[in-house]
Amino acid sequence: MIDHKEKGTEKNSESLNFIETQIEEDLRQGKNNGKVYTRFPPEPNGYLHIGHAKSICLNFGLAEKYHGKCNLRFDDTNPEKEEEEYVQSIKEDVRWLGFRWEGEPKFASDYFDRLYQWAIVIIKKGKAYVDDQPAAVIAAQRGTPTEPGIKSPYRNRAVEENLRLFEEMKAGKYKDGAKVLRAKIDMASPNMHMRDPVMYRIMHKDHHRTGNQWCIYPMYDFAHGQSDYIEGITHSICTLEFEVHRPLYEWFLDQIVEGVYRPRQIEFARLNLSYTVMSKRKLLELVEKKIVDGWDDPRMPTISGLRRRGFTPESIRNFADRIGVAKRDNVIDVSLLEHSLREDLNLRAPRVMVVLKPLKVVITNYPEGKTEDLETINNPEDETMGIRKIPFTREIFIEKNDFMEDPPKKFFRLSPGKEVRLKSAYIIRCDEVIKNSKGHITELHCTYDPESKSGSGQNRKVKGTLHWVNASSAIEVTVNLYDRLFNNPDPAGHKDKDFKEFLNPDSLSVLKGCKAEPSLAQAQPLEHFQFQRLGYFTADPDSQPGNLIFNRTVPLRDIWARAMQKTGKKN
RNA sequence: UGACCCGUGGUGUAAUUGGCAACACGUCUGACUCUGGAUCAGAAGAGUCCAGGUUCGAACCCUGGCGGGUCAGCCA
């Protein structure tokens, strides 16, 4: 386990990513007293997803690496979209990933007073003004990326008037949208964000934390850098779309910074995953249209969805390590995520036997009424996980598709006259296929070789080994077989098609009446298992003692299935 | 046709004063196996977007193209 952990992070000890390079340069120059403080700044308007996990691992990881700290800060400057439900889920997800923030979680709303005072300072400098024009007019005056904007007629209001108006805005004298506070920068700037950006807007809307205390709220640009400054953040790491905001980030800092300490914004490319959509808007749509079962549906790329799917925090952190950090657009293959998952689960998930689609097998030469308790190993990767007993009798279940009457070449499973090993039990031979009136196979009659018991030292080789479950003691469980939600590598990347057109109709199939070995009755919510030869599964939190539900986290790699798929395509 | 950012195997990330392009995933062989898992051994696959230039030497520096992304919310 230690070995594997080292394997996953060895790259980091050798080469630096571009952010680390810049941090070390800052350190070399003695900036900010040698401190490295970061923050993870989600807006509480949705659930966190795997893309956020990248950012979380990055920010908390950097703080750890450079012995600094990382704050969890909610960017809650827009009461129209933000809700308490989301702050709870975000805290839970960050914690679950294994990170601990410095002190209490922070909120941009904690700084509303400070921000208001700074706005006044900027007005007094003559660098901000109240604009009475409606949003549409302001938008029209902003120009386009290729044409300069034009100045507002209110741009040269006297400082005193601006001060009075701004105070009246705060006092609730005006309706939503009647006025805004704007920074006076440059309407001809080639950077749209510098064309007198809005600093404050009027919103008569209760805030999830400040209630009705405010009816004006700062914009992101006038809140983020200031919040960084208040918290002593040295490296404010965000995604690429904020790159064009950086001059504005700097401009606002220029207005307020005293002394030598100053935060700095660095942008990186967000994560894209193949066969996945990542935008909050699209994920919200899937939830609202009930295409999935909620934010934590196991098919969702949300942290809560992945958790319910059976992912481990370690696997996600290792994944984040492996994908690296850079500035160019990227699409990570889901198989890398799955690789990180299997790598972790292989080491920790106990092996159990469950038959998804049962086919009864009667072992005709096994004494009726006899039960043997056979020993089986819990995890061949980890001896310390010990052994357990599984019952064996005359009647068992095997997987339907582990039997073929007329098998193709290289079918190592059971077929008429052929032998196969039952995992941790005996070798059996199929003697007779029993069918009903419709010609469907209802059961198999086999004989076992009493000399071939597992561990008996009788090492006859047979090519195939099957998992099985004893019939009389089996418990019936429900299994959710999850597959990717989309069957297109880039569902959101088609200009003329809606991403929902690529929904995979088979992303979930529910199997009832699966046969599980009795030990599984004790399965705890979110406990991980490997169902032998099938894949990794976890107990769904909705699971009840009498009504167990398991979610398939990820199938085992399956060379045979893949080969069959290929020949299927050829035909 | 504006500004800013980015172009390295199929994918992602490296190459630390310019020095034979490396690692991971994936793919394909083979070995081993009481999980067609895991593990082990090996292979194929880029000459670094293009064209010039500087240099003994360029993925890295310069110039010019080309391609992709971002920006016109009182969203973040």
Side-chain angles (χ1 to χ4, degrees), chain A residues 7-8 10-11 14-17 21 24 41-43 45 75-78 80-82 131 134-136 138-140 142-149 176-182 189-195 197-203 217 219-221 223-224 238 240-247 267 269 274 280 322-333 335-340 342-343 346-347 351 353 376-377 380-381 410-413 421-425 427 452 454-455 459 461-467 530-535 555-563:
Chain A
K7 207 201 297 179
E10 72 190 339
K11 193 190 75 185
E14 292 166 9
S15 65
L16 303 176
N17 65 45
T21 304
E24 298 202 356
E43 181 186 15
N45 69 343
D75 233 327
D76 56 348
T77 56
N78 183 357
E80 229 137 54
K81 297 184 175 178
E82 294 147 8
D131 195 332
I138 291 178
R142 185 147 13 237
T144 69
T146 52
E147 297 163 301
D176 287 9
K179 286 180 167 40
V180 288
L181 182 70
R182 289 227 256 169
S189 170
N191 183 335
M192 299 289 289
H193 295 278
M194 300 300 272
R195 322 242 263 225
V198 172
M199 294 168 64
Y200 269 94
R201 74 292 216 185
I202 300 171
M203 286 173 113
Y217 292 94
M219 298 287 290
Y220 165 86
D221 287 302
H224 203 95
C238 62
L240 245 30
E241 66 271 25
F242 292 98
E243 198 153 29
V244 280
H245 292 242
R246 185 161 14 112
E267 312 85 10
S274 62
K280 271 192 201 174
R322 267 191 260 253
I323 60 178
V325 187
K327 293 193 74 162
R328 64 181 107 128
D329 292 326
N330 62 83
V331 182
I332 309 285
D333 202 318
S335 64
L336 184 58
L337 215 209
E338 292 179 348
H339 168 79
S340 301
R342 291 193 183 105
E343 177 184 64
N346 178 44
L347 301 176
R351 274 59 169 169
M353 292 203 278
T376 188
I377 191 162
E381 301 294 325
K410 293 191 177 173
F411 183 79
F412 301 152
R413 284 110 103 139
R421 159 136 247 141
L422 294 176
K423 175 74 185 172
S424 301
I427 292 170
S452 66
S454 287
N459 262 344
K461 298 278 184 196
V462 281
K463 194 68 181 166
T465 301
L466 305 189
H467 63 281
Q530 186 197 94
F531 289 3
Q532 206 111 203
R533 295 210 308 137
L534 297 173
L556 253 26
R557 283 183 71 225
D558 189 343
I559 290 171
W560 173 247
R562 204 178 305 180

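Proteins get letters first, then strands, A, B, ... in listed order; numbering begins at 1 in each.
Map A:N191 and A:S452 each onto its nearest nucleotide of RNA chain B; the residue landing nearer the 5' end is A:N191. Mapping A:P134 and A:K327 onto RNA chain B by nearest heavy atom places A:K327 closer to the 5' end of the strand.
Distances shown here put a side-chain N or O of A:R328 below 4.0 Å from the OP1 or OP2 atom of B:U13. Considering only side-chain N and O atoms, A:R322 lies nowhere under 4.0 angstrom from the phosphate OP1 or OP2 of B:U11.
For the P atoms, the distance from B:G36 to B:C60 is 50 Å, rounded to whole Å. When the C1' atom is compared between B:G12 and B:G26, the two are found 11 Å apart, to the nearest whole Å. B:A59 and B:U8 have their P atoms separated by 15 Å, with the value rounded to a whole Å. The P atoms of B:A38 and B:C25 are separated by 11 Å, rounded to the nearest whole Å. The P atoms of B:A44 and B:G30 are separated by 16 Å, rounded to the nearest whole Å. Straight-line distance between the C1' atoms of B:C28 and B:G9: roughly 15 Å, to the nearest whole Å. For the C1' atoms, the distance linking B:C66 with B:C50 amounts to 7 Å, nearest Å. Remark: the separation of the P atoms in B:U16 and B:G7 is 15 Å, to the nearest Å.
Against the 90° criterion about 0, the sugar-base torsion of B:G73 places it in the syn range. For B:G47, the O4'-C1' to base torsion is within 90° of 0; the nucleotide is therefore syn.
We find the CD-CZ distance between A:E381 and A:R351 to be 5.5 Å, quoted to the nearest 0.5 Å.
Ring geometry for A:H245 versus A:Y220: interplanar angle over 60°, hence perpendicular rather than tilted (30 to 60°).
Residues A:N191 and A:S189 bring no donor and acceptor atom of their side chains to less than 3.5 Å of each other.
Here A:Y220 does not lie in a stacked arrangement on the base of B:A76, lacking the combination of planes under 30° and ring centres under 5.5 Å apart.
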